[in-house]
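What follows is a set of notes on a single structure, which appears directly below.
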Amino acid sequence: MATGNGQGTKTTLVLGGTGKTGRRVAERLAGRALQARIGSRFSESPFDWEDRTTWAPALEDVGSVYVSYYPDLAVPGAVAAVRSFAELAVENGVRRLVLLSGRGEPEAEHAELALQEVVDAKASAEWTILRSTWFDQNFSEDYMLEHVLSGEIRLPAGDVPTPFLDADDIADVAVAALTDEGHAGQLYELTGPRLLTFAEAAAEIAGATGREIRYVPVSLEEHAAEAAGHGVPAEVVELLTYLFSEVVDGRNANTTNGVRRALGREPKDFSDYAREAAATGVWGGGR
Ligand SMILES: NC(=O)c1ccc[n+]([C@@H]2O[C@H](COP(=O)([O-])OP(=O)(O)OC[C@H]3O[C@@H](n4cnc5c(N)ncnc54)[C@H](OP(=O)(O)O)[C@@H]3O)[C@@H](O)[C@H]2O)c1
């Protein structure tokens with residue numbers, strides 16, 4: 001396979017480049033000595049989904065883009081924003097767009113279609129879609145970290161099994177799509193290798209840390225009230241309520257071969273993630 005950034009000497013713009021997947025994508029590009037620009041509100045070249053005047057400067061001399069929307073493709077306005085961004089990107093000469101999407105979210109699929117339509121209308125440009133399930137790193141790099149630290153993961157997730165996926169795997173697929181040939185026009189449905197309930201995930205984390213950590217199923221209403229009580233902004237509470245009611249209803253309770261199809265290897269198991277995250281000390285305890 002040919003490698004490079006797919007676009008000669010042009011830069012890759014990594015949206016959300018300090019977030020859970022974007023940071024890993026940017027690190028991998030830097031590791032290959034490829035030019036990359038982080039696009040986020042507080043990066044050197046600021047990019048804000050809410051401020052379109054920031055988009056064109058961030059796209060200067062850019063040949064490919066990792067598109068990670070924030071906060072979620074399910075929020076109102078996300079589909080229109082992704083469409084407009086893709087239009088501006090291809091007008092500015094971007095040849096490759098890799099979109100991070102959410103598995104089992106109808107709105108995310110609308111955003112995928114919008115980006116595909118825009119890119120397909122430009123013969124010289126290509127898209128790849130990474131339709132991902134829940135990340136392992138939500139337990140260590142996002143709002144679920146506080147739950148783990150408190151010893152009780154109190155979520156409205158019932159006993160639905162989820163094929164948690166490691167952000168390292170997403171970043172590997174993203175970088176392959178950005179830099180290698182053979183991923184254009186591919187929609188990769190990405191999951192981890194194994195289904196775990198939240199209780200099983202909590203037990204894995206407990207085992208890796210040597211701490212007592214348990215999952216406590218709560219209702220959507222209890223979860224919303226508790227999150228608001230912990231100072232989580234109202235719009236985030238609303239988004240979490242939507243995600244737990246819509247996406248964690250069993251529709252994603254199966255694994256796929258997306259990582260193998262994209263990379264020719266199996267995805268990382270949750271127990272490896274838990275062991276590695278525990279070793280960083282992020283959860284306290286230590287084994
Ligand atoms: N978490 C999951 O399990 C999961 C699963 C499937 C799909 N996804 C998708 O992944 C995407 C990212 O979600 P995430 O939870 O992983 O978040 P994340 O990437 O960890 O989010 C943080 C990143 O977004 C940037 N950011 C925040 N507000 C922004 C804005 N207004 N404009 C531009 N950049 C902004 C942050 O940098 P600054 O603070 O510097 O702006 C940071 O780089 C979402 O579209 C989500 O639907 C997530």
Side-chain angles (χ1 to χ4, degrees), residues 13-27 36-55 57-59 65-79 81-82 84-86 89 97-112 114-115 129-145 147 155 157 160 162-171 173-174 187-192 196 198 201 232-233 235-236 238-240 242-244 246-248 251-252 256 258-259 267 270 273:
L13 174 63
V14 183
L15 298 184
T18 53
K20 290 187 286 301
T21 63
R23 175 170 65 78
R24 291 171 164 85
V25 171
E27 282 168 6
R37 177 181 304 149
I38 288 174
S40 75
R41 293 167 306 170
F42 304 111
S43 56
E44 204 178 306
S45 169
F47 177 93
D48 188 343
W49 283 107
E50 305 294 327
D51 177 3
R52 293 182 185 213
T53 64
T54 63
W55 297 4
L59 282 165
V65 187
Y66 177 63
V67 184
S68 173
Y69 186 79
Y70 193 86
D72 195 285
L73 292 173
V75 304
V79 177
V82 168
S84 302
F85 174 77
L97 287 109
V98 176
L99 174 69
L100 174 63
S101 179
R103 191 166 181 241
E105 292 180 46
E107 296 84 349
E109 291 183 26
H110 293 148
E112 293 171 8
L115 181 134
I129 308 290
L130 315 187
R131 189 186 283 169
S132 169
T133 188
W134 282 61
F135 307 163
D136 296 348
Q137 279 74 10
N138 292 335
F139 290 100
S140 50
E141 299 176 21
D142 207 331
Y143 68 98
M144 275 153 50
L145 172 59
H147 290 245
L155 294 173
V160 174
T162 300
F164 296 102
L165 173 67
D166 199 280
D168 281 335
D169 286 330
I170 301 169
V173 177
L187 190 162
Y188 293 118
E189 186 125 355
L190 301 175
T191 73
L196 288 100
F198 277 75
V232 177
E235 63 276 15
V236 179
E238 202 179 314
L239 175 61
L240 290 172
Y242 165 81
L243 291 173
F244 278 109
E246 289 287 319
V247 182
V248 189
R251 76 182 68 176
N252 289 327
T256 64
V259 170
F270 192 87
Y273 153 73

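As the structure lists them, so they are numbered: ligands from 1, and atoms in each ligand from 1. Only heavy atoms go into these numbers, but all of them, side chains included; no hydrogens, no water, no symmetry mates. Counting from 1, the numbers follow the sequence of the chain as shown.
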Quiz item: Got a salt bridge between Glu189 and Arg131, using NZ or NE/NH1/NH2 to carboxylate O under 4.0 Å?
Solution: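 The answer is yes: the pair qualifies as a salt bridge.
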Quiz item: Hey, are Arg24 and Glu141 close enough for a salt bridge, meaning a charged N less than 4.0 Å from a carboxylate O?
Solution: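 A salt bridge is present here (some side-chain N lies under 4.0 Å from a carboxylate O).
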Quiz item: So, Phe85 versus Trp55, ring centres under 6.0 angstrom or not?
Solution: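 Yes, the ring of Phe85 comes within the 6.0 Å limit of the ring of Trp55, centre to centre.
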Exercise. Using heavy atoms and a cut-off under 4.0 Å, could you grab the residues that are in contact with ligand 1, chain by chain, numbers ascending?
Key: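 Only Gly16, Gly17, Thr18, Gly19, Lys20, Ser40, Arg41, Phe42, Phe47, Asp48, Trp49, Ser68, Tyr69, Tyr70, Pro71, Asp72, Leu73, Leu100, Ser101, Gly102, Ser132, Thr133, Trp134, Phe135, Asn138, Asp142 have heavy atoms that fall under 4.0 Å of ligand 1, ordered by chain and number.
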Quiz item: Is the Trp49 ring parallel, tilted or perpendicular to the Tyr69 ring (thresholds 30°, 60°)?
Solution: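 Ring orientation, 0 to 90° scale: tilted.
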Quiz item: So Phe164 and Phe270, would you call those rings parallel, tilted or perpendicular, with 30° and 60° as cut-offs?
Solution: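 Taking Phe270 first and then Phe164, their aromatic rings sit tilted (interplane angle of 30° to 60°).
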Quiz item: For Glu246, does the CD atom have more than 12 heavy-atom neighbours from other residues, nucleotides or ligands under 6.0 Å away?
Solution: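 Yes, CD of Glu246 has more than 12 neighbouring heavy atoms, counting only those of other groups under 6.0 Å.
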